[in-house]
Amino acid sequence: MHTTFSDGVLSPEKLVKKARDAGLSAIAITDHDHVGAIDEASALGQQLGVTVLPGLELSVTLAGKDIHVLAYLFDHTDPTLLDYLAFFRGERLKRAERIVKKLNSINVPLKIDAVLEQAGIGAVGRPHIASALVVEGHVESFHEAFNRFIGVGGPAYETKFQMNPQEAFRLINKAGGLSFLAHPGRYLSEQELLELIKQGLDGIEVVHPSHSEPQREYYRGIVHHYFLLESGGSDFHGGRKNDDYVFGVHTVPLHVVETMRSRLFS
Ligand code: AMP
Ligand code: ZN
């Protein structure tokens, strides 16, 4: 799940309370390029009876494709990891400035300050730019912002700084954690998936709102075949159209977490 430390709408406190109200026993916070929510959420989770697992979502490139990697159960105070994350967030800011320049060049007079107001303390991303475009009246909806301007191949699209998958897996493993391919959906070939497994991927996010039942079965099969781990969740961001239908609905049983822990600590 995401918080205000990246492109989520809820603060860590509100998210943990929502999890408690929904009867969840454990959640993972997986902000993009940020671990700032974890301490506060864990402390509150302890009081409320919700285990908060340290998580993170990184972006990597494979064959020109933007792929997301989830990290779980790592040391979120690892200094090398924190250095990388600070660097990635700096690059995100530069990229937001490039996107704003492109928008200005096609007569969309958005200011970077409007974007930063949306981002607040969070790692700035395209969702913040989309929200700023809505607030400033340049588009009618979040989705229109992506479709007309900032989606892949759009006139104001800019790539993000991305490392290669192997580097990300190494970084996560060195911080004591496990790496999972986030919501692979349909956009990877089996060949590409095998390449990631060879490079050190630990598991696959099988359960995700965007995955159909046949897709879940397919990825579960790959997980078993290659002795990988399974993960899953709602990828909750808050504030978007379908978000209240995914929260606490797309879940995995607690033994998935126990299996992750035993892979790390056996
Ligand atoms: P960024 O990491 O800044 O490139 O932003 C990527 C995020 O933007 C994704 O995690 C999605 O939440 C969101 N996103 C990407 N493409 C779309 C789209 N076409 N419509 C709505 N949201 C999108
Ligand atoms: Zn996101």
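Not measured: the values here are computed from a predicted model. The figures that follow rest on heavy atoms only: side chains count, while hydrogens, waters and symmetry mates do not. Just so you know, ligand 1 is whichever comes first in the structure, and atom 1 is the first atom listed for that ligand.
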**Request:** Flag yes if more than 12 heavy atoms outside Glu258 fall under 6.0 Å of its CD atom; otherwise flag no.
**Result:** yes
**Item:** Shortest-distance N, O or S atom of Asp7 relative to the Zn ion (ligand 2)
**Value:** OD2
**Request:** Please verify whether a non-hydrogen atom of Ser59 lies at under 4.0 Å from ligand 1.
**Result:** no
**Prompt:** Which residue, Arg95, Arg98, Lys94, forms the side-chain hydrogen bond (donor to acceptor under 3.5 Å, both in side chains) with Glu158?
**Reply:** Arg98
**Message:** Does atom NZ (Lys65) have a neighbourhood of more than 12 heavy atoms from anything else shown, all under 6.0 Å?
**Reply:** yes
**Item:** Any N/O pair Asn147/ligand 1 closer than 3.5 Å
**Value:** no
**Message:** I'd like to know if Glu167 pairs up with Arg170 as an ion pair, taking the criterion as any Lys NZ or Arg NE/NH1/NH2 lying under 4.0 Å from an Asp or Glu carboxylate oxygen.
**Reply:** no
**Request:** Decide whether the shortest distance between a heavy atom of Glu57 and an atom of ligand 1 is less than 4.0 Å.
**Result:** no
**N, O or S atom of His32 closer to the Zn ion (ligand 2) than 2.8 Å** = yes
**Request:** Any atoms of ligand 1 less than 4.0 Å from a non-hydrogen atom of Phe142? List them with their elements.
**Result:** 21 (C), 22 (N)
**Aromatic plane relationship, His208 with His183 - under 30° parallel, 30 to 60° tilted, over 60° perpendicular** = tilted
**Request:** Under 4.0 Å from a heavy atom of Lys160: give me the atoms of ligand 1 that qualify, with their elements.
**Result:** 1 (P), 2 (O), 4 (O)
**Asked** Is any N or O atom of Arg126, backbone or side chain, closer than 3.5 Å to an N or O atom of ligand 1?
**Response** yes
**Request:** For His143, take its heavy atoms, then give the atoms of ligand 1 lying under 4.0 Å from any of them.
**Result:** 20 (N), 21 (C)
**Message:** Surrounding CD of Gln46 (heavy atoms of other residues, nucleotides or ligands, distance under 6.0 Å), is the total greater than 12?
**Reply:** no
**Message:** Quick check on contacts: which atoms of ligand 1 are under 4.0 angstrom from a heavy atom of Gly125?
**Reply:** 3 (O)
**Message:** Taking N, O or S atoms only and a limit of 2.8 Å, check whether Asp235 reaches the Zn ion (ligand 2).
**Reply:** no
**Message:** Check for me whether Arg95 has a heavy atom closer than 4.0 Å to any atom of ligand 1.
**Reply:** yes
